[in-house]
Amino acid sequence: MSFLSRMGARSAPPLPLRFTLSFALSFAVLSGLCAPVATLAANPIVTDIFTADPTVLVDGPRLYLYTGRDETRDGEQGYKMHEWRVYSTCDMAHWQDHGVAATYRVFAWAKGDAFAADVVKHQGKYYLYAPVKHAGIKGMAIGVAVADAPTGPFTDARGTALVTNDMTRETPNDWDDIDPAVFVDDDGQAYLYFGNKVLKYAKLKPNMIELAGPIQTVGLFNFEEAPYLHKRGGVYYLSYASGLPEVIAYATGPSPTGPWTYRGVIMDKNKVTHTIHQAFAHFNGKSYLFYHNEALSNADFRRSVAVEEFSYGPAGEIPFVRQTTAGPQANPAAGCAAR
């Protein structure tokens, strides 16, 4: 599947943006102060809870956004994440909340930590690749869940972890098997990318739930985590979180396994949260970069997902993208009935 087909005083999170905008506009219209106007997308996308680690899937006329949920309380430190949520849009302006797609409890062998996941569609099924804390093997592991619809419900596709910490020895930490990203090339071959400090990848078997060969490592400039692969015009784009605090950087190559040429930084670090985590989408003729920041909380571990529209350069380069509060313009797909 190519790219063109494919984060003081205690206070509650503010009301959802779509609610506050609708209320304000309705009041103005009823008061005769203005005529109805189209609602544009705004950042962050979700404002009633804290969301992080976006990944995206374009499926027909809709774009599906999957996020983790930050449940760390105001003033606390560290990540508290138990579930993955899903939202969708057909116009990049109105987002439908589909609720919880899965929790770490989908995997009976896991004991917590629903960290950054990825979702891909293959042969009519939807696969969730998720890093969770293993109950029996020290450290993080990657599980695979499957569903018949992009919104779930997802169930464990294996009954065991696909990758466990004892399968990789490149770093001394036990959280290096995180941030899975799966890319399915035009020939149907699927690749799993993951890692913290060291980038790793492996081919997947056609069933999408078994490794098809050994886990390989890649030397990549200043790699921290969050690999994400997409393809455009025959070029493979490998983006990732670089350094700490993280910026978004990318490299390009002639194949899904490289060799990779570093191309530079495309989004600067956040002001407070030390992570950023990106995903790319091509939807209805336009290109989008998803990420997270601390816009709602001004706190490290209470993040919010946002999105920006961008255009590739004449040589296919990704430009430097600045974070905005406005977000992209509305971009309705054919037959879009926003809901």
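Just so you know, these numbers use all the heavy atoms, side chains as well, and skip hydrogens, waters and symmetry mates.
If you take CG on N165 and CD1 on I178, they are separated by 11.5 Å, rounding to the nearest 0.5 Å. Between the CG atom of L238 and the OH atom of Y193 there is a distance of 7.5 Å, given to the nearest 0.5 Å. The distance from atom NZ of K111 to atom OH of Y104, rounded to the nearest 0.5 Å, is 10.5 Å. Note that OH of Y250 and CG of L229 are 13.5 Å apart. Values are rounded to the nearest 0.5 Å. Here the OG1 atom belonging to T67 is positioned 9.5 Å from the CD1 atom belonging to I45, to the nearest 0.5 angstrom. For the atom pair CZ of R62 and OH of Y87, the computed distance is 14.0 Å after rounding to the nearest 0.5 Å.
Counting only distance, with no hydrogens or angles, the side chain of Q278 and the backbone of A226 share a donor-acceptor pair below 3.5 Å. In this structure, D91 contributes its side chain and A93 its backbone to a donor-acceptor pair below 3.5 Å. Looking at S297, its side chain does come within 3.5 Å of a backbone N or O of R302 through a donor-acceptor pair. With E246 contributing its side chain and I276 its backbone, the two residues share a donor-acceptor pair below 3.5 Å. The main-chain N or O of R158 is found under 3.5 Å from a side-chain atom of D156 such that the two form a donor-acceptor pair. With T55 contributing its side chain and Y66 its backbone, the two residues share no donor-acceptor pair below 3.5 Å.
In this structure, the side chains of N43 and Q323 stay at 4.5 Å or more apart for every pair of heavy atoms. With contacts defined as side-chain heavy-atom distances shorter than 4.5 Å, the pair R73/F301 does not qualify. P131 places a side-chain heavy atom less than 4.5 Å from the side chain of P180. K197 places a side-chain heavy atom less than 4.5 Å from the side chain of E224. Here the side chains of L57 and L63 are not in contact, with every heavy-atom distance at 4.5 Å or above. A 4.5 Å side-chain heavy-atom check between K121 and D59 finds at least one atom pair inside the cut-off.
Scanning for side chain to side chain contact (heavy atoms under 4.5 Å, CB included) contacts around E309 gives K286, Y288, P328, with sequence neighbours left out. For E76, the salt bridge (Lys or Arg N to Asp or Glu O under 4.0 Å) criterion is met by K80, not counting sequence neighbours. Shown here are the ring-ring contact (aromatic ring centres under 6.0 Å, His included) partners of F223, two or more places apart in sequence or in another chain: Y240. With sequence neighbours excluded, no residue satisfies salt bridge (Lys or Arg N to Asp or Glu O under 4.0 Å) with E317. Every residue meeting the side chain to side chain contact (heavy atoms under 4.5 Å, CB included) condition with N222, not counting sequence neighbours, appears here in chain and number order: S242. Under the rule for a side chain to side chain contact (heavy atoms under 4.5 Å, CB included), the partners of A116 that lie at least two apart in sequence or sit in another chain are D53, D179, H277. Remark: D113 engages K133 in a salt bridge (Lys or Arg N to Asp or Glu O under 4.0 Å) (not counting sequence neighbours). Among residues two or more places apart in sequence or in another chain, the ring-ring contact (aromatic ring centres under 6.0 Å, His included) test is passed with F320 by none. By the side chain to side chain contact (heavy atoms under 4.5 Å, CB included) test, T261 is found to be paired with T252, R263, residues two or more places apart in sequence or in another chain being considered. Under the rule for a salt bridge (Lys or Arg N to Asp or Glu O under 4.0 Å), E225 has no partner lying at least two apart in sequence or in another chain.
Counting all heavy atoms, side chain and backbone alike, M92 lies closest to F283 at CG-CD2, 3.9 Å. Nearest heavy atoms, H82 versus A114: C-CB, 3.4 Å. The two residues I49 and L296 make their nearest non-hydrogen contact at O-CD1, 4.3 Å. In terms of heavy-atom proximity, A147 sits nearest to G152 at CB-CA, 3.8 Å. When all heavy atoms of H98 and S88 are compared, the closest pair comes out as NE2-OG, 2.7 Å. Smallest separation of non-hydrogen atoms from P150 and Y64: CG-CZ, 3.5 Å.
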Stepwise, does the side-chain contact (heavy atoms from CB on, under 4.5 Å) test hold for L192 with L211? CA-CA 9 Å; L192 169 70; L211 300 182; 4.2 Å; yes
Could you check K231 against D186 for side-chain contact (heavy atoms from CB on, under 4.5 Å), going step by step and ending with a plain yes or no? CA-CA 10 Å; K231 183 180 181 181; D186 298 329; 2.8 Å; yes
Starting from the C-alpha separation in whole Å, work towards a yes-or-no answer on side-chain contact (heavy atoms from CB on, under 4.5 Å) for V46 and W95. CA-CA 9 Å; V46 180; W95 292 87; over 6 Å; no
Verify side-chain contact (heavy atoms from CB on, under 4.5 Å) between W260 and Y236, making sure each step is shown before the conclusion. CA-CA 9 Å; W260 302 108; Y236 296 82; 4.0 Å; yes
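Judged by distance alone, the side chains of E170 and T217 never bring a donor and an acceptor atom under 3.5 Å apart. For the residue pair T72 / D70, no side-chain donor-acceptor distance below 3.5 Å is found, with atom types taken as modelled. In summary, the side chains of D300 and T273 do present a donor paired with an acceptor at a separation below 3.5 Å, with no hydrogens or angles considered.
Ring geometry for F280 versus Y228: interplanar angle of 30 to 60°, hence tilted.
The pair E294-R303 does not count as a salt bridge, with every side-chain nitrogen at least 4.0 angstrom from each carboxylate oxygen. For the pair K138 and D166, the salt-bridge criterion is not met [side-chain N within less than 4.0 Å of a carboxylate O].
Hydrophobic clustering (side-chain heavy atoms under 4.5 Å, transitive across Ile, Leu, Val, Met, Phe, Trp, Tyr) keeps V198 apart from I215. Clustering ILVMFWY residues whenever any of their side-chain heavy atoms sit less than 4.5 angstrom apart, transitively, puts V247 in a cluster other than the one holding L244. Grouping the Ile, Leu, Val, Met, Phe, Trp and Tyr side chains by contacts below 4.5 angstrom, directly or via other members, places Y262 with V218. In the hydrophobic clustering of this structure, V272 does not group with Y79; members are Ile, Leu, Val, Met, Phe, Trp, Tyr whose side-chain heavy atoms approach within less than 4.5 Å, directly or through other members. Two different hydrophobic clusters hold V56 and V100 under the rule that ILVMFWY side chains link at heavy-atom gaps under 4.5 Å.
For residues 127-173, the set of pairs meeting the ring-ring contact (aromatic ring centres under 6.0 Å, His included) definition, not counting sequence neighbours, comprises W109-H134.
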Can you give me every donor-acceptor pair (side chain of residues 200-209, partner residue at least two apart or in another chain, under 3.5 Å) with its distance?
from	atom 1	to	atom 2	distance (Å)
K200	NZ	D176	O	3.3
K200	NZ	D176	OD2	3.1
K200	NZ	D177	OD1	3.0
N207	OD1	I209	N	3.0
N207	OD1	E210	N	3.3
N207	ND2	E210	OE1	2.6

